[in-house]
Number of protein chains: 2
Amino acid sequence: MPKRPTIIDVAEYAGVSKSTVSRVISGGSVRETTRRRVMTAIEALGYEHNAIASSMRTNRTNIIMLAIPDITNPFWPDVARGVQDVMDDAGYAVVFANSDWRGSREKMFLRMAQRNRFDGILINPIQVTATELDETHLPTVLIGSRTDYPGFDSVGSHSYDGTQQALKHLFSLGHRRIGLIQGKRVNRPGASRMKSYLDFLDEHSLPRDDTLIVEYPFDQRGGYQGAIDLLTLPVPPTAILAANDILAMGALQAAHDMGFAVPGDVSIVGQDDIFAAKITVPPLTTVAKPKYEIGTQAATVLLARINGETDRQWQQHLFPCRLKIRGSTAPPRE
Amino acid sequence: MPKRPTIIDVAEYAGVSKSTVSRVISGGSVRETTRRRVMTAIEALGYEHNAIASSMRTNRTNIIMLAIPDITNPFWPDVARGVQDVMDDAGYAVVFANSDWRGSREKMFLRMAQRNRFDGILINPIQVTATELDETHLPTVLIGSRTDYPGFDSVGSHSYDGTQQALKHLFSLGHRRIGLIQGKRVNRPGASRMKSYLDFLDEHSLPRDDTLIVEYPFDQRGGYQGAIDLLTLPVPPTAILAANDILAMGALQAAHDMGFAVPGDVSIVGQDDIFAAKITVPPLTTVAKPKYEIGTQAATVLLARINGETDRQWQQHLFPCRLKIRGSTAPPRE
DNA sequence: TTGTAAGCGTTATCAT
DNA sequence: ATGATAACGCTTACAA
């Protein structure tokens, strides 16, 4: 194969020095006539800028990494679009790193970001510790409402509050026995939602019944299993709150398969408001999160860090959640 | 900030030359004792390999790009997982490039792949021409069943045949008036499905009625609108075939909203078999494609090209589709 | 097995 | 405004 032309070739062709070519490319000050000559040479030779060599000098790659646990959850694509829209405009490429809930992969991705000298990291961490994040020495912004990573900027939604809204809604409909399907985190509890749930019980003097709390992998099958567990209880709950819509959709299906009418026999509430939540039957009542905005905001914060435009302390951004009442909730039977 | 240590620092610390350090890193032959000394030095200094500098010499980045039009379509995440699983094992990072159906973005991504000297490209092209793909000079594999890019390897599914299966199913149920909701391509017709549809009409001596063919953007709203168009026809079709599940789900909702029972009043068939297709009500009859396998295969073919393990001609891989008959299809009323 | 030294294609500094 | 020249951090002949 023919070797790719370099700025040196361009320089020779145009009869200038390579520094001049470099200036033309990066928009330095050059006389208009020479600029034109150089551009012609670039066209003629089919020169394409070598970002690798450039990065070597500038210590900038214009690439950032977006690390998420589960690309099949429609929540993330929406976030990703927000990230990309901002990053594209800023001239950054976004490397998508999907760990599939595997801690080992997550770690691998971080090393990749580090070795390739990416300019920054956006991550919804699953296993990695704050220390490990620190050791990458890369500007990092967390996605999600995580309080267990002090020292890092984070952008997420107020899921504690969202959970409260959902529970309040169910309570006001008359539900007193409410099941919770938690997503199983690899390494840590789904903290805020759980806490929110327990606080709510306390506040309304409802008894804590641990059989009402089940934990399954964050996928549809998990939701299905969880609902089965709950609905086969001697005294099944009259309502189920799932940690996200995927779980809720699984629960919906389980209820259906078991002959429980929704919302007649059991109410179901999800979280996230993914696109599919609108079109289940019945449509899913869910706690909506501003997914796209989380993405744009996270990207914006990261850019600020990268450009050192801010020496303020790390900061937590929490977007409010909004309960969307649809068809999957109603007063309990009897 | 403290400058990052280089192999030179490591070399000094370990009392060897930098070539030795390089050898240790890349697994060259070094005496065990010196290897150990070097490793200790690496640990001590917190050295992290610089992939940029390395790429500069080796002309390899170990990064490939996966360019797709619409990350919110659950079809792609499944493909992407296949790609990642293969590429991870081969030591490649996968840059996700989501164009959101914008040709300008697609072009931008290609330039990015080129400038950053990525090792290869997997792409489901929307606007870019074969010539433009050629000009990247990068190993490229197309994803999708495209016949209009001669000279390129491609991996996809036999969607012509899949469409036939769906139509045959509807025909054998007794449907004679079948609507088609096409996805609107930016730049070119959704060739194979359309051709398949028309061929089928011919073959069964069904009249061609262009009001039965509608075209809308590849999203749920598109499917919704399309179904409205079809179902408000003076003589609405008794069955609707949509170009993918997202469109079909929109159609399902439209039918529901308009008081058409599915499958009683109208049958609906999708394509892809995304996860959500199982849980619509009624569950969606659809033409399943081996999404994950398409991903792994595409990745495998690309790797072969990258490594020059093949000097055979370009080749089209077409996986068979499989009709999944679920609840959204039934004989027409009357 | 190890060291020496010549690149890889840019950008940045300093002259001119 | 332009040109020489020295980095940037690594790999890889080639020599020892």
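So that the names make sense, note that chain A is the first sequence line, chain B the second, and so on, each numbered from 1.
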Item to complete: Rounded off to whole Å, could you give me the CD1-to-C1' distance for the Ile25(A) and dT10(C) pair?
Response: 9 Å
Residues 294-303 of chain A side chain polar contacts: donor-acceptor under 3.5 Å, at least two apart:
residue: Thr296(A); atom: OG1; partner: Glu293(A); partner atom: O; Å: 3.0
residue: Gln297(A); atom: NE2; partner: His317(A); partner atom: ND1; Å: 3.1
residue: Thr300(A); atom: OG1; partner: Thr296(A); partner atom: O; Å: 2.7

Worksheet entry | Greater than 12 external heavy atoms within 6.0 Å of Glu43(A)'s CD | no
Worksheet item: Nearest 0.5 Å, what's the CG-CD1 distance between Leu142(B) and Ile121(B)?
Response: 10.0 Å
Practice prompt. Any salt bridge (Lys or Arg N to Asp or Glu O under 4.0 Å) involving residues 67-77 of chain B? Give me the pairs, sequence neighbours left out, ordered by first then second residue.
Written response: none
Practice prompt. Would you check if the side chain of Gln127(A) reaches a backbone N or O of Glu106(A) as a donor-acceptor pair within less than 3.5 Å?
Written response: no
Item to complete: Please report, rounded to the nearest Å, how far the P atom of dT10(C) is from the CD1 atom of Ile52(B).
Response: 14 Å
Worksheet item: Which residue pairs pass the salt bridge (Lys or Arg N to Asp or Glu O under 4.0 Å) test with at least one member in residues 79-97 of chain B, sequence neighbours excluded?
Response: Asp100(A)-Arg81(B), Arg102(A)-Asp85(B), Arg105(A)-Asp85(B), Arg105(A)-Asp88(B)
Worksheet, complete the sentence: One should read off an interatomic distance between Asn73(B) CG and Asp78(B) CG, to the nearest 0.5 angstrom, of 9.5 Å
Practice prompt. Apply side chain to side chain donor-acceptor pair (under 3.5 Å) to Ser157(A) and list each qualifying residue two or more places apart in sequence or on a separate chain.
Written response: none
Practice prompt. Look at the side chain of Arg57(A) and the base of dT11(C), then say whether one donor and one acceptor between them are separated by less than 3.5 Å.
Written response: yes
Response to the item:
Hits for side chain to side chain donor-acceptor pair (under 3.5 Å) against Asp9(A), two or more places apart or cross-chain, chain-then-number order -> none
Worksheet entry | DNA chain C contacts among residues 27-41 of chain A, heavy-atom distance under 4.0 Å | none
Worksheet entry | Listed partners of Thr61(A) passing side chain to side chain donor-acceptor pair (under 3.5 Å), at least two apart | Asp119(A)
Worksheet item: How bent is the helix from dT1(C)-dA16(D) to dT16(C)-dA1(D), comparing axes over its five end pairs at each side, to the nearest 10°?
Response: 30°
Discussion item. So, using side chain to side chain donor-acceptor pair (under 3.5 Å) as the criterion, who are the partners of Arg60(A) when residues are at least two apart?
Written reply: Tyr92(A), Asn307(A)
Practice prompt. Give the rounded distance in Å between these two atoms: CD1 of Ile7(B) and C1' of dG3(C).
Written response: 13 Å
Worksheet item: Hey, are Lys107(B) and Glu132(B) close enough for a salt bridge, meaning a charged N less than 4.0 Å from a carboxylate O?
Response: yes
Worksheet item: In residues 9-24 of chain A, which ones come under 4.0 Å of DNA chain D, going by heavy atoms?
Response: Val16(A), Ser17(A), Lys18(A), Ser19(A), Thr20(A), Arg23(A)
Practice prompt. May I have the distance from Arg117(B) (atom CZ) to dC8(C) (atom P), rounded to whole angstrom?
Written response: 14 Å
Discussion item. Taking any atom closer than 4.0 angstrom to a non-hydrogen atom of chain B, what span of DNA chain D does the protein reach, first nucleotide to last?
Written reply: dG9(D) to dA13(D)
Item to complete: Can you sort out the partners of Asn116(B) under side chain to side chain contact (heavy atoms under 4.5 Å, CB included), two or more places apart, ordered by chain and number?
Response: Ala51(A), Ile63(A), Met112(B), Phe118(B)
Worksheet item: What is the distance from CZ of Arg60(A) to P of dA12(C), rounded to the nearest Å?
Response: 11 Å
